Amino acid sequence: MTDIAVNLEKIRARIRQAEQQYHRPPGSVGLLAVSKSRSADEILSAMACGQREFGENYLQEAIPKMDALDAAEVRWHFIGPIQSNKCRAIAERFAWVHSLDRIKVAQRLNDMRPATAPPLNICIEVNISDESTKAGISPEDLPAFAVAINKLPHVRLRGLMAMPKPCSDFTGQRNAFQRLYECYAGLNAEGMQLDTLSMGTTDDMEAAIAEGSTMVRIGTAIFGPRPR
Ligand SMILES: *Cc1c(COP(=O)(O)O)cnc(C)c1O
């Protein structure tokens with residue numbers, strides 16, 4: 001077996017183990033393979049093991065890979081910063097966007113989603129770290145933002161995403177993810193029907209699963225360390 005096949009088996013086992021340990025239903029945590037900086041061939045190796053969901057951060061890098069692979073076999077998720085002038089291609093070619101944090105971008109994605117396609121699945125990126133990272137909207141601004149997104153007909157608000165600042169201690173990791181979970185539970189308590197919590201990467205996926213993640217975004221543990 002290739003490394004990628006072995007790694008995918010290991011990561012699936014890690015997910016199953018964490019589901020069990022933290023009393024999550026079996027199969028409740030999905031796996032998004034983050035393929036930024038990886039070749040179409042590496043993605044094909046993961047597809048050969050049944051992986052179908054792939055995440056990309058940069059449109060220019062993603063497009064040649066999308067062109068090289070069978071569109072019917074892959075579901076593409078956009079997880080990077082979104083420039084307004086990239087909205088058309090993102091709306092046309094991706095099934096999901098995890099990194100939405102501006103209303104203007106939401107409107108453009110909505111307007112540019114092809115009429116023949118199902119609504120674009122959206123996760124709002126929330127800034128749950130105390131540090132002043134730029135990406136993500138604040139928990140305070142989230143409720144009004146979510147209401148606005150929910151009104152757009154060609155996108156479908158599915159949930160929330162966060163990329164907390166790196167933290168080596170498990171309790172600290174859990175605290176950050178718990179803040180995102182509380183945002184999610186709060187919106188659902190207000191009547192929204194969110195079903196997706198996109199949280200957890202190679203280094204903190206167990207903490208994310210403990211706090212309710214439904215989709216972990218894993219790059220390094222599947223494809224190895226990224227070239228710099
Ligand atoms: C790169 C990236 C990941 C994957 O991180 P790994 O540590 O390689 O698992 C997940 N989410 C986002 C938004 C990323 O940019």
Side-chain angles (χ1 to χ4, degrees), residues 3-15 17-18 29-39 42-43 45-46 49 51-63 65 74-83 86 90 94-102 105 109 120-129 131 133-137 158-170 172-174 176-177 179-181 183-184 196-228:
D3 285 352
I4 289 172
V6 173
N7 291 346
L8 262 175
E9 278 195 5
K10 284 189 193 149
I11 205 79
R12 287 170 180 154
R14 257 176 84 182
I15 291 172
Q17 160 73 28
V29 181
L31 173 59
L32 177 61
V34 176
S35 47
K36 63 169 176 245
S37 84
R38 299 299 167 177
S39 67
E42 289 173 292
I43 296 172
S45 298
C49 309
Q51 180 65 31
R52 289 290 175 269
E53 316 281 332
F54 291 89
E56 290 281 342
N57 295 58
Y58 307 103
L59 184 69
Q60 298 92 316
E61 185 199 322
I63 288 208
K65 296 188 248 181
V74 191
R75 217 162 14 217
W76 294 103
H77 298 237
F78 195 83
I79 64 172
I82 308 170
Q83 295 161 267
K86 302 285 165 41
I90 293 171
F94 285 80
W96 283 74
V97 167
H98 291 231
S99 42
L100 185 75
D101 63 358
R102 285 190 298 150
V105 165
L109 291 172
L120 180 63
N121 296 295
I122 296 284
C123 289
I124 297 172
E125 183 169 359
V126 183
N127 186 346
I128 42 149
S129 291
E131 305 297 291
T133 48
K134 307 170 293 299
I137 83 156
R158 298 292 299 269
L160 306 180
M161 181 274 239
M163 187 82 184
K165 71 172 158 39
C167 170
S168 56
D169 125 79
F170 190 69
Q173 292 174 354
R174 281 192 68 158
F177 291 131
R179 288 199 287 282
L180 191 68
Y181 179 82
C183 294
Y184 173 81
T196 304
L197 259 181
S198 167
M199 60 186 196
T201 63
T202 294
D203 290 331
D204 55 17
M205 57 168 268
E206 277 83 6
I209 292 171
E211 297 298 339
S213 173
T214 68
M215 203 185 299
V216 290
R217 306 182 309 270
I218 307 294
T220 308
I222 296 173
F223 297 109
R226 278 181 289 280
R228 298 193 58 96

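Here the structure is a predicted model, which is why all the values come from computation and not from measurement. In listed order, ligands and their atoms are each counted from 1.
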Return the option from Ile79, Thr201, Leu32 holding the heavy atom at the smallest distance from atom 5 (O) of ligand 1.
Thr201

Residue and atom name of the nearest protein heavy atom (relative to atom 1 (C) of ligand 1), distance in Å to one decimal
Lys36 NZ, 1.4 Å

Look at the rings of Phe94 and Trp76 and say which category their plane angle falls in: under 30° parallel, 30 to 60° tilted, over 60° perpendicular.
perpendicular

Atoms in ligand 1 with a heavy atom of Gly219 nearer than 4.0 Å:
4 (C), 6 (P), 8 (O), 9 (O)

Atom 9 (O) of ligand 1: which protein heavy atom is closest, and how many Å away?
Thr202 OG1, 2.5 Å

Step through the shown structure and confirm whether more than 12 heavy atoms of other residues, nucleotides or ligands are within 6.0 Å of OH on Tyr58.
no

What distance do Leu120 atom CG and Ile90 atom CD1 have between them, rounded to the nearest 0.5 Å?
9.0 Å

In ligand 1, which numbered atoms sit nearer than 4.0 Å to a non-hydrogen atom of Thr220?
6 (P), 7 (O), 8 (O), 9 (O)

For ligand 1, which atoms, with element, lie under 4.0 Å from some heavy atom of Ile218?
9 (O)

Is His98 near ligand 1, meaning one of its heavy atoms is under 4.0 Å from it?
no

Would you mind checking if Lys36 and Glu56 are paired as a salt bridge, meaning a charged N to carboxylate O distance below 4.0 Å?
no

Using a 4.0 Å cutoff against the non-hydrogen atoms of Asn57, which atoms of ligand 1 qualify?
14 (C), 15 (O)

Within a 6.0 Å radius of atom CZ on Arg14, are there more than 12 heavy atoms belonging to other residues, nucleotides or ligands?
yes

Here's a test for you: under side chain to side chain contact (heavy atoms under 4.5 Å, CB included), which of Glu53, Arg217, His77 qualifies with Val34?
Arg217

Between the OG atom in Ser198 and the CG atom in Leu32, the distance rounded to the nearest 0.5 Å is 7.0 Å

Nearest heavy atom to atom 11 (N) of ligand 1 wins, so pick from Met205, Arg226, Arg217, Met199.
Arg217

For the 3.5 Å polar cut-off, considering only N or O atoms, please tell me whether Asp203 and ligand 1 meet it.
no

